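The shown structure was predicted, so the numbers you read here are calculated from the model rather than taken from an experiment. Numbering starts at 1 and runs along the sequence shown.
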Amino acid sequence: MAGRPPILFPLFAGLETLEGVGEKTARTFAALDIESPRDLLMTLPTGGIDRRPRDSVKGAPVPSVVTVEVTVDRHDPPSGRGRPHRVSVSDAHAEFRIIFFHARGDYVQKLLPNGQKRIVSGRIELFDGMVQMAHPDHVIRPEEAGTIPAFEPVYPLTAGLTLRGFTKAVAAALPRVPELAEWIDPGQKARAHWPDWHQAMAEAHAPQNAADLQPLTPARERLAYDELLAHQLTLALARASQRRKSGRASTGDGRLQDKVLAELPFRPTGAQIRAISEIAGDMGAAHRMNRLLQGDVGSGKTLVALMALLIAVEAGGQGVMMAPTEILARQHLEGLEPLARSAGVRLEILTGRDRGAERRRKLEDLAAGRIDILVGTHAVFQKDVEFADLRLAIIDEQHRFGVRQRMDLGAKGRWVDVLVMTATPIPRSLALSQYGDMDVSILDEKPPGRTPVKTALVSFERMAEVIDRLRRAVDEGRQAYWVCPLVDESEQSDLTAAEERFKALRAIFGGDKVGLVHGQMPAAEKDAAMANFVAGRSRILVATTVIEVGVNVPNASIMVVERAEIFGLAQLHQLRGRVGRGSEASTCLLMFGEPLSEAGRKRLSILRETEDGFRIAEADLAMRGAGDLIGTAQSGLPRFRIADIERQADLMQVAQSDARKLLAEDSDLTGPRGQAARVLLWLMKQDSAIRLISVG
Ligand code: ADP
Ligand code: MG
């Protein structure tokens, strides 16, 4: 498709092309992220003012907005600097005052001429026992009575922009709304009683009462759905283009997997078996795998990953697994190596620390097929890293991987099957919007033998008790994590907090018993500190959140988190997941600074109540909002103007199946509904989708 359909041109013109909107106002709108009539129209009223006329201010709640007919009795010009111009008026039953600050006297006289009738609408307040209305919103002649809307919509405003200015701009933009061919499935539209798009726009901007502002009104719901559908179409197109790419069928014969399973001291859970078979199915098919493996901390994703890697090797190829940090990459290597060795599989690690001859040797081995499985950090995807026959790429713990990045990776990896693993339980609505382009396997069953973690909230003032408890645990041969807050990786103060705590704990427990890891440490030191802790040489590990994901030390049974109140719930849940991995009863102590707000206490209490990551994520989402939950900037989450992904999860689900169905029936969007959907994609600025359709 060559470019934006001409029918949409008027909606994408500059704002200043609207009647009554000047360059300056247009710039003011930019502060609200409104740059075109399209943006303007997609900004729906956030409230409304009841302006139905009444007889008198008498009996009206104060303060409130009233609309009454008045007779102008008298003008009192300002009695001094900074004093208002006062106009005494009377309605059917009462007298009151209308006041103007900084107004020219003749302007007010003209607006409200002595002895004449006018209809005024504005907010009344009590001042010195008198009802008064400052700067009425509307002043009109009785014969113009019908021109004040009975219910006036309210829009979000910003400095320099009045409600009247906004309303006028919307009124000028509405006639530009064209009648567009329908992109919504007719059955869905009928079931939901949704109006056409142009009609929905008109209705959404002309609410008749407060009920019309509810997101569930047919007009608003339809407009929300349009956004969700456009987003899901983008994801579905991405998914389809991935699947279309000639994948390689990688079928394992089970020979290596069986060897590894025989070495395991446990049996895979039902959920692990299910996930492995779903992955094997994808890998064995001709299309390219694009799958998300979602499982709470400790659900056993590593084993699933290993089995997938072994399938690639059994099929005669190679696999790569990328972890977000050096520590995790090393831990994967250490966890996988013994198992891989027992199966005769060659494993190697590649990180940013590999340089010179060492790195060159690894790259040569990789290119020659002498390495079967490569584990590493982002370094494994560097340009000069070439595989003999790469068949599977696994990305571990990448909840920050957005749709866009996945598309980029897909472009780079050619025919390679992709498995993304995340330990961040994501509420269904978010999973759909973030990963709707992928197929999903969920590990919803924890390996047996876990003891629940006891969680307690402790005020920072009870530090001495915490230390006591720690001392007893260390005496019993147990280990503990001590996490200090990290607001921003680059902030010196956070580092100091961890270093200070490290020094203080060393003074108490002795130098060799306490270790420290943080993000700014040289990698070698970090690894050494980790290794010391894993081997049990150090008993307490002071850390910033670098230990958040994936680290596995079964003997560690205490997790102390300082200033827990500033962490996200999901993050705390991740941290807590570091303990409770052995047979020992484990404890998580969430230390908070006083005073802790009521909301803060309620938030932390959720962790005390449940260890179910999905429940925690749902609660966190409900309390904080979607952007917050994952960190808006890096979340990869779409931003919607009308739809609310927290409250409209069901609608998102409908949009996903509708989008996939549409593509199944009309894969290149050339049929009548497909054509309409293309217009929707342009309307919703789905650039990446448009690119996908253009290349075909
Ligand atoms: P995560 O999903 O957090 O990556 P891991 O793969 O690190 O979880 O597994 C956590 C721990 O559970 C590891 O010590 C692992 O050996 C163990 N484990 C994995 N699967 C099982 C199982 N089916 N039965 C018992 N223990 C298991
Ligand atoms: Mg893991």
Side-chain angles (χ1 to χ4, degrees), residues 294-302 325 327-328 331 397 399 422-427 443-447 449-460 462 466 469-470 473 478-486 498 501 517 530 533-534 539-593 596 600-621 623-624 629-630:
Q294 205 187 352
D296 209 344
V297 278
S299 58
K301 292 183 293 296
T302 315
T325 65
I327 290 179
L328 282 170
Q331 194 155 47
E397 315 281 10
H399 48 276
T422 174
T424 312
I426 308 171
L443 295 182
D444 51 6
E445 176 189 353
K446 288 223 172 154
R450 292 295 164 79
T451 37
V453 179
K454 246 191 79 198
T455 301
L457 310 188
V458 191
S459 155
F460 191 74
R462 288 165 56 195
V466 173
R469 201 151 168 178
L470 220 54
R478 298 199 275 155
Q479 289 176 278
Y481 295 101
W482 188 299
V483 178
C484 295
L486 183 83
R501 185 59 60 213
V517 282
M530 260 341 272
F533 189 65
V534 173
R539 316 300 299 179
I540 301 173
L541 185 66
V542 178
T544 54
T545 43
V546 289
I547 63 157
E548 182 186 344
V549 279
V551 181
N552 192 22
V553 181
N555 192 44
S557 60
I558 297 186
M559 167 66 62
V560 182
V561 185
E562 252 186 73
R563 299 214 53 203
E565 74 274 14
I566 68 170
F567 286 82
L569 286 190
Q571 209 176 7
L572 290 172
H573 174 65
Q574 289 279 335
L575 287 170
R576 180 171 59 179
R578 300 301 109 218
V579 295
R581 302 192 148 223
S583 48
E584 207 71 54
S586 296
T587 314
C588 174
L589 299 175
L590 302 177
M591 296 186 82
F592 57 87
L596 181 63
R601 182 176 298 272
K602 212 173 124 204
R603 223 163 63 79
L604 292 181
S605 301
I606 295 168
L607 289 167
R608 215 172 35 195
E609 284 155 25
T610 181
E611 276 192 72
D612 180 336
F614 285 93
R615 268 192 60 198
I616 292 168
E618 298 277 1
D620 207 12
L621 177 65
M623 294 182 79
R624 297 174 58 200
L629 192 64
I630 311 193

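- A distance of 12.0 Å separates CG of Leu569 from CZ of Arg615, quoted to the nearest 0.5 Å.
- Residues Ser586 and Ala556 share a closest heavy-atom pair of OG-O, 4.5 Å.
- Taking both residues in full, the closest heavy atoms of Ala473 and Ile558 are given as CB-CD1, 3.4 Å, listed atom of the first, atom of the second, then distance.
- Distance alone, capped at 3.5 Å, places no donor-acceptor pair between the Arg578 side chain and the Val553 backbone.
- Here the closest heavy-atom approach between residue Glu562 and residue Cys484 is recorded as OE2-SG, 3.9 Å.
- Interatomic distance, CD of Gln574 versus CG of Asp296, reported as 7.5 Å (0.5 Å rounding).
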Do Trp482 and Met591 pass the side chain to side chain contact (heavy atoms under 4.5 Å, CB included) test, and can you show the C-alpha distance, the side-chain angles, and the key distance before you say yes or no?
CA-CA 11 Å; Trp482 188 299; Met591 296 186 82; 4.3 Å; yes
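- We find the CG-CE distance between Leu589 and Met559 to be 10.5 Å, quoted to the nearest 0.5 Å.
- Although no hydrogens or angles enter the test, the distance criterion places a donor-acceptor pair under 3.5 Å between the side chain of Arg576 and the main chain of Leu607.
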Test side chain to side chain contact (heavy atoms under 4.5 Å, CB included) on Lys446 and Asp612; report intermediate values, then the result.
CA-CA 10 Å; Lys446 288 223 172 154; Asp612 180 336; over 6 Å; no
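- Note that the CZ atom of Arg603 and the CD1 atom of Ile616 stand 11.5 Å from one another [nearest 0.5 Å].
- Heavy-atom minimum distance, Ala585 versus Ser557: O-CB, 3.9 Å.
- Taken from CG in Leu572 to CD1 in Ile566, the straight-line distance is 10.0 Å, to the nearest 0.5 Å.
- Between the CZ atom of Phe533 and the CD1 atom of Ile540 there is a distance of 8.5 Å, given to the nearest 0.5 Å.
- The heavy-atom pair separating Gly580 from Val453 by the smallest distance is CA-CG2, 3.9 Å.
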Worked check of side chain to side chain contact (heavy atoms under 4.5 Å, CB included) between Gln479 and Leu541:
CA-CA 8 Å; Gln479 289 176 278; Leu541 185 66; over 6 Å; no
